[in-house]
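Have a look at the structure below before the remarks.
The structure displayed is predicted, hence computed values, not measured ones. Numbering starts at 1 and runs along the sequence shown.
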Amino acid sequence: MSSCKEDDPRIDGIQSRIRVVPNFPKPGIMFQDITTVLLDPRAFKDTIDLFVERYKSKNITVVAGIEARGFIFGPPIALAIGAKFVPLRKPKKLPGKVIREEYDLEYGSDCLEMHVGAVESEERALVVDDLIATGGTLCAAMNLLERAGAEVVECACVIEIPDLKGRDRLNGKPLFVLVESQ
């Protein structure tokens, strides 16, 4: 299990800013809301800094952010480590030719798309999202990148919901998380 050091005081600050919203987007879901982390400049910066510290020396050439909250964390990480940012979007949001991957969510199904040519063969990719629940979204992202010829080095999320066992679906691909949901 790859997670951030619990003794790092920045983790407590980040975790204390995550809001849990019961019954959103449907009954029974305990939504982990990271928008409250963004309201605290220190917690937001600490979140980015922890990821940058981990990835700055891993020769990552692509940071792929999953719509929509991966778009918040991915670009500053990419800029800080000198990598390009590739958005993985919901259907019909990207102009031009795309490849797509359908997947299941904790509460439904969806699809991700990526521009053809956004990733080149043998590039080293990091997949970034705010949260891993069942793992379907991360698996779809990895499949898109690997179909384009990239090597997915690791997945990174702010939050993991361990009870949903999403990590088990990643087929041994490393996952780095900052906070485990209660």
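With rounding to the nearest 0.5 Å, the separation of CD1 in Ile132 from CD in Gln32 is 13.5 Å. Note that the CD1 atom of Ile77 and the CD1 atom of Ile72 stand 11.5 Å from one another [nearest 0.5 Å]. Between Glu180 atom CD and Ile159 atom CD1 the span is 11.5 Å, to the nearest 0.5 Å. From Lys92, atom NZ reaches atom SG of Cys111 across 10.0 Å, with rounding to the nearest 0.5 Å. Atom CZ of Phe44 is separated from atom CZ of Phe73 by 6.0 Å, given to the nearest 0.5 angstrom. With rounding to the nearest 0.5 angstrom, the CG atom of Leu178 is 12.0 Å from the CD1 atom of Ile34.
Leu79 pairs by the side chain to side chain contact (heavy atoms under 4.5 Å, CB included) definition with nothing, not counting sequence neighbours. Taking the salt bridge (Lys or Arg N to Asp or Glu O under 4.0 Å) definition, one finds that Lys165 meets it with nothing, sequence neighbours left out. In this structure Lys58 satisfies the side chain to side chain donor-acceptor pair (under 3.5 Å) test with no other residue, sequence neighbours excluded. Partners of Lys56 according to the side chain to side chain donor-acceptor pair (under 3.5 Å) rule, which considers only residues two or more places apart in sequence or in another chain, do not exist here. Every residue two or more places apart in sequence or in another chain was checked for a salt bridge (Lys or Arg N to Asp or Glu O under 4.0 Å) with Arg169, and none qualifies. Qualifying side chain to side chain donor-acceptor pair (under 3.5 Å) partners for Asn59, counting only residues two or more places apart in sequence or in other chains: none. In terms of the side chain to side chain donor-acceptor pair (under 3.5 Å) criterion, Tyr103 has no residue partners (sequence neighbours excluded). Among residues two or more places apart in sequence or in another chain, the salt bridge (Lys or Arg N to Asp or Glu O under 4.0 Å) test is passed with Lys93 by none. Scanning for salt bridge (Lys or Arg N to Asp or Glu O under 4.0 Å) contacts around Arg10 gives Asp8, Glu53, with sequence neighbours left out.
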Identify each donor-acceptor pair in which a side-chain atom of residues 18-25 lies under 3.5 Å from a protein atom, sequence neighbours left out, and give them as a table.
| residue | atom | partner | partner atom | Å |
| --- | --- | --- | --- | --- |
| Arg19 | NE | Asp33 | OD2 | 3.0 |
| Arg19 | NH2 | Asp33 | OD2 | 2.5 |
| Asn23 | OD1 | Gly28 | N | 2.9 |

Atom pairs and distances, side-chain donor-acceptor, residues 94-101, under 3.5 Å, sequence neighbours left out:
| residue | atom | partner | partner atom | Å |
| --- | --- | --- | --- | --- |
| Arg100 | NH1 | Glu113 | OE2 | 3.1 |
| Glu101 | OE1 | Arg147 | NH1 | 2.8 |
| Glu101 | OE2 | Asn143 | ND2 | 3.2 |

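Although no hydrogens or angles enter the test, the distance criterion places no donor-acceptor pair under 3.5 Å between the side chain of Thr134 and the main chain of Leu164.
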Please test Glu102 against Asp110 for side chain to side chain contact (heavy atoms under 4.5 Å, CB included), starting from the C-alpha separation and ending with a verdict.
-> CA-CA 6 Å; Glu102 294 182 13; Asp110 214 336; over 6 Å; no

Given side chain to side chain contact (heavy atoms under 4.5 Å, CB included), test Glu123 with Glu151 step by step and report yes or no.
-> CA-CA 6 Å; Glu123 286 199 273; Glu151 172 195 354; over 6 Å; no

Going through the distances and angles, do Ile66 and Leu112 end up as a side chain to side chain contact (heavy atoms under 4.5 Å, CB included)?
-> CA-CA 8 Å; Ile66 298 172; Leu112 286 179; 4.1 Å; yes

Kindly indicate, with the supporting measurements, whether the criterion side chain to side chain contact (heavy atoms under 4.5 Å, CB included) is fulfilled by Val152 and Lys173.
-> CA-CA 8 Å; Val152 176; Lys173 188 62 67 183; 4.1 Å; yes

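The two residues Val63 and Gly74 have their closest heavy-atom pair at CG1-O, 3.7 Å. Considering every non-hydrogen atom in both Leu126 and Ala156, the closest pair reads CD1-CB, 4.0 Å. The two atoms that bring Ala125 and Ala150 nearest to each other are CB-CB, 4.4 Å, heavy atoms only. Closest approach of Cys157 and Leu138 over heavy atoms only: SG-CD1, 3.9 Å. Shown here for Cys155 and Tyr55, the closest heavy-atom pair between the two residues is O-OH, 4.0 Å. What you find for Leu170 and Cys139 is that their closest heavy atoms are CD2-SG, 3.9 Å.
Residues Arg54 and Glu154 meet the side-chain proximity criterion, which asks for heavy atoms closer than 4.5 Å. Counting heavy atoms from C-beta outward, Arg167 and Val177 have side chains that approach closer than 4.5 Å. Contact annotation: the side chain of Ile14 approaches that of Leu50 to within less than 4.5 Å [non-hydrogen atoms, C-beta and beyond]. Val127 places a side-chain heavy atom less than 4.5 Å from the side chain of Leu145. In this structure the side chain of Val158 never reaches within 4.5 angstrom of the side chain of Val37, judged on heavy atoms.
Using a 4.0 Å cut-off between charged nitrogen and carboxylate oxygen, Glu67 and Lys90 do not count as a salt-bridge pair.
Residue pairs satisfying the salt bridge (Lys or Arg N to Asp or Glu O under 4.0 Å) criterion with at least one member in residues 39-51, sequence neighbours excluded, are listed as follows: Arg17-Asp40, Arg42-Asp46, Lys45-Asp49.
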